Structures are given as C-alpha cells and as structure tokens.
2 protein chains.
Amino acid sequence: MRANTRFTEAIQILCLIALKKDNMPTSDHIAESVNTNPVVIRRIFKNLKDAGFIAVKRGIGGTYLLLKPNQITLFDIYCAVEDEDKRAIFKFHEGLNSKCIVGSHIEEVLKDSFTRAQNAMENELRQVTLENIIEQIKINK
Amino acid sequence: MRANTRFTEAIQILCLIALKKDNMPTSDHIAESVNTNPVVIRRIFKNLKDAGFIAVKRGIGGTYLLLKPNQITLFDIYCAVEDEDKRAIFKFHEGLNSKCIVGSHIEEVLKDSFTRAQNAMENELRQVTLENIIEQIKINK
DNA sequence: TGTGAATGTAACTTTATTTGTTACATCTGA
DNA sequence: TCAGATGTAACAAATAAAGTTACATTCACA
C-alpha cells in the first residue's frame, strides 16, 4: 500500500486552523497547503471532530479549535487519526505453526518487547503539544 | 499494502536456526513454521546473510548462526530486514505548499519530535537480544 | 425564501507495496 | 551423476491508502 500520511496531515490541519482564527480555513484552503484533494481533508476533519479537537461549520464552511493548542499532544492526534491496529509498529504473520515450539510461542514472547518499544515511542509523542509545534513554526517564519 | 511482517519473520527464522543446531533447518522447514512460501524465507535469508548473522549452505542446504545469540539485538535484526526509509514510523505527504507558512515549515519542525520518538522505540529494541527471546521461548515450552 | 458556497459521505479508481507463486539456473555432498 | 537445496527473476494476488467524482445536505445572507 501507500505510505500512510494521515497523522502528519492531521497535525498540519490543526496548525492551519490554530494560526488562522479570522478567516477560518475551509477544506479547499487546507487541501492546497497539504497538496491533496479537499475530500481527503474532510475525512480527517471527521476524525478531529470525533476526538473533540475541532468544530466544523456546515453551510458557511470553516473550522475552529475546541481546545487550546497546549491541551492537544501529538499522541492525542495520532490516536484520533489511527486506530490501535494501525498504530502498532510491528505485525505478525498469520497462521504460525502451533506444532512448532518457536511458531507457537514467538508471538507471546515478542509481545513484551514490542509493547515496551511502542510505549517508548508514544511517550515521546505525549511530550509534545500542538502549541510547541506552532511556536516552532512561528520562530522559523 | 499488506502489513509488513518481515521483521517478526526474521526473528522467528533466527530462533529456529539457533534452536536446531543438529539438523540445520532449510527454507522449506522454516516456511512451514512461519506458514509461508519457502521463497519468502530465502529472501529474508539474503538480508540475514548480508548482515553477517547467518551462513546459508547451497547444494546440501541448511543454515547456521555466525554470531552468538547474545550478540544480536532486535534492533540489529530490524535494520537487517528494513532499510531506513521503511523503518521510519511517520511519513510526510509530498508536495507541501511552499508558499504557505505551515506547509513550508511543518516537515522541518516535526522532524525533531519524530526523531526523538523513533529513537526511543529503537533504543528499546537495542535492549533485547536474540538470546533473551530464545530463553523466553524455552521457559514457555 | 431562494441561492451560492461549503460540508458529509458513498462509491469507485488509481497507485503503491507486500506477499505468494512459478520456474529454472546453480550449487554441492554423497 | 544425481537428488535436493539455494538464488533469483518474473509475475500474480491481495491489500490498503489516497485521489476523484458525484451529489445530498446545510446554512448565512441577500
């Protein structure tokens, strides 16, 4: 399949919304910045709405934040756009041979190490807020 | 695309080789434990050979370890079967709008946080050796 | 109250990538 | 030499993300 870019796109969408309070950006405006189709943006809107991060106005259009940027971490955003299965870094082949000592135990044995690695990654994402990202963008600007 | 299972398969292959010193397992034997095609196993053999972990005997067939299980970490195995691009957890959409403040800076700004998260994950993989995994399999047996 | 511009969403296509499979050249110990 | 293995190319199948089209629905405003 293609590389999954929903997470970084979601971050970019939230930055655009946070930085443009006056003219609330529409899916068309955002799609231009991300270089994709407006429908792709609207699909991510749905995830961000469900997570309680934004509100989207029908009819007139536009979006705004429901939380302050310092209340949203990168991990929160990650969870909003990818379910637990998708967030798992390491996957197992299906149908491991249960008659084989290795095949029947490897998944259980590796699960521990994999969980630790996954948690370490996620804890780093928890350390960074949307506000941190926005500040960096302003500095670089 | 499909879920990438090469990493877990490589670990399983190395466990099978480490645990069967007498009758060195062939790609056919291993394929049965992993539940896949022997060619898939041979493709991973190539990565493990290139990394210096195993030797594969042509003609007669079979494989054996060139390093001790305590000299190979999960991170080493990860690197052997996935190049750097594939190991990257987070990907960016291509063609971000360079005329937009967010589009032109987001990748650079996020890179820092993403690198930290990636490193945290990889450091956990460095803590676990093939020997640790094999011991756990024996205990569970 | 009609209109224009936006969102919500279904349905389908395109593209990318992994795994599975077939086939066959090559190798090696007995 | 031969039986059984690996090495590898080439192609098919499966899967999933992103792109696209289409259209119903919504809402501020003239």
Side-chain angles (χ1 to χ4, degrees), chain A residues 1-10 12-13 16-17 20 23-50 54-64 78 81-96, chain B residues 1-10 12-13 16-17 20 23-50 54-64 81-83 85-96:
Chain A
M1 67 183 152
R2 279 192 202 175
N4 184 333
T5 55
R6 292 164 54 76
F7 178 40
T8 46
E9 281 163 31
Q12 187 172 351
I13 290 168
L16 285 164
I17 295 173
K20 293 198 181 173
N23 54 335
M24 301 183 298
T26 66
S27 58
D28 266 57
H29 298 149
I30 293 174
E32 215 171 310
S33 172
V34 177
N35 185 37
T36 187
N37 192 293
V39 174
V40 173
I41 302 301
R42 282 181 225 144
R43 286 202 273 245
I44 297 176
F45 274 180
K46 181 166 168 43
N47 295 133
L48 300 178
K49 274 192 307 182
D50 289 349
I54 65 171
V56 181
K57 288 199 163 186
R58 300 196 64 169
I60 181 69
T63 53
Y64 56 93
Y78 196 38
V81 296
E82 305 285 1
D83 64 25
E84 202 173 342
D85 275 6
K86 296 278 171 55
R87 294 201 299 274
I89 305 170
F90 312 110
K91 327 262 181 183
F92 291 92
H93 193 92
E94 294 197 341
L96 299 184
Chain B
M1 68 182 156
R2 278 191 203 175
N4 184 332
T5 54
R6 292 165 54 77
F7 177 41
T8 47
E9 280 162 32
Q12 187 172 350
I13 289 169
L16 286 164
I17 295 172
K20 292 198 181 175
N23 54 336
M24 300 183 298
T26 65
S27 57
D28 266 57
H29 299 149
I30 294 174
E32 214 171 311
S33 171
V34 177
N35 186 38
T36 186
N37 192 293
V39 174
V40 172
I41 302 300
R42 283 182 225 144
R43 287 202 274 244
I44 297 175
F45 274 0
K46 180 164 169 45
N47 295 134
L48 300 177
K49 274 192 307 182
D50 290 348
I54 66 171
V56 182
K57 289 199 162 185
R58 299 197 65 169
I60 180 70
T63 54
Y64 55 93
V81 296
E82 305 285 3
D83 65 24
D85 275 7
K86 296 277 171 55
R87 294 202 298 276
I89 305 169
F90 311 110
K91 327 262 182 185
F92 290 92
H93 193 91
E94 293 197 341
L96 299 185

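For clarity, every value in this text was computed on a predicted model and none was experimentally measured. What you see below is based on every heavy atom in this structure, not just the backbone, and it leaves out hydrogens, waters and symmetry mates.
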Could you check how far [atom1] of [X] sits from [atom2] of [N], rounded to whole Å?
| X | N | atom1 | atom2 | result |
| --- | --- | --- | --- | --- |
| Met24(B) | dT6(D) | CE | P | 10 Å |
| Glu82(A) | dA16(D) | CD | P | 13 Å |
| Asp85(B) | dT17(C) | CG | P | 10 Å |
| Asp28(B) | dG4(D) | CG | C1' | 10 Å |
| Glu32(B) | dA5(D) | CD | C1' | 16 Å |
| Asn4(A) | dA17(D) | CG | P | 6 Å |
| Ile41(A) | dA18(D) | CD1 | C1' | 11 Å |
| Arg6(A) | dA16(C) | CZ | P | 19 Å |

### Task
Give the minimum heavy-atom separation between Val81(B) and Ala10(B), together with the two atoms involved.
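Heavy-atom minimum between the residues: CG1-CB, 3.6 Å.
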### For the student: nearest non-hydrogen atoms of Leu96(B) and Asn35(A), plus distance
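So the two residues come closest at N-CB, 4.4 Å.
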### Query
So, Asp28(B) side chain and Pro38(B) main chain: donor-acceptor pair closer than 3.5 Å or not?
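No.
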### Any donor-acceptor N/O pair, His93(A) side chain to Glu9(B) backbone, under 3.5 Å
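Judged by distance alone, no pair lies under 3.5 Å.
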### Query
Nearest of dG8(C), dT7(C), dG7(D) to any side-chain atom of Lys49(A)?
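The nucleotide sitting nearest to the side chain is dG8(C).
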State whether [X] places a side-chain N or O below 4.0 Å from either non-bridging phosphate oxygen (OP1 or OP2) of [N].
| X | N | result |
| --- | --- | --- |
| Ser27(A) | dT7(C) | yes |
| Lys86(B) | dT18(C) | yes |
| Thr5(A) | dA17(D) | no |

### Task
Determine whether more than 12 heavy atoms belonging to other residues, nucleotides or ligands lie under 6.0 Å from atom NZ of Lys91(A).
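It does: Lys91(A) NZ has more than 12 such atoms within range.
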### Task
Verify the neighbour count for atom CD of Glu82(A): are there more than 12 heavy atoms of other residues, nucleotides or ligands below 6.0 Å?
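Yes, because the 6.0 Å sphere around CD of Glu82(A) holds more than 12 heavy atoms from other groups.
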### Summary
Nucleotide by nucleotide, nucleotides 21-30 of chain C touches protein heavy atoms under 4.0 Å in the pattern (B base, S sugar-phosphate only, - none) BBB--BBB--
### Message
Here's a test of your reading of the structure: between His93(A) and Val56(A), which maps to the more 5' nucleotide of DNA chain C?
### Response
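The answer here is Val56(A).
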### Task
If the plane angle is over 60° it's perpendicular, under 30° parallel, otherwise tilted; pick one for Tyr78(A) and Phe90(B).
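Answer is perpendicular, since the angle exceeds 60°.
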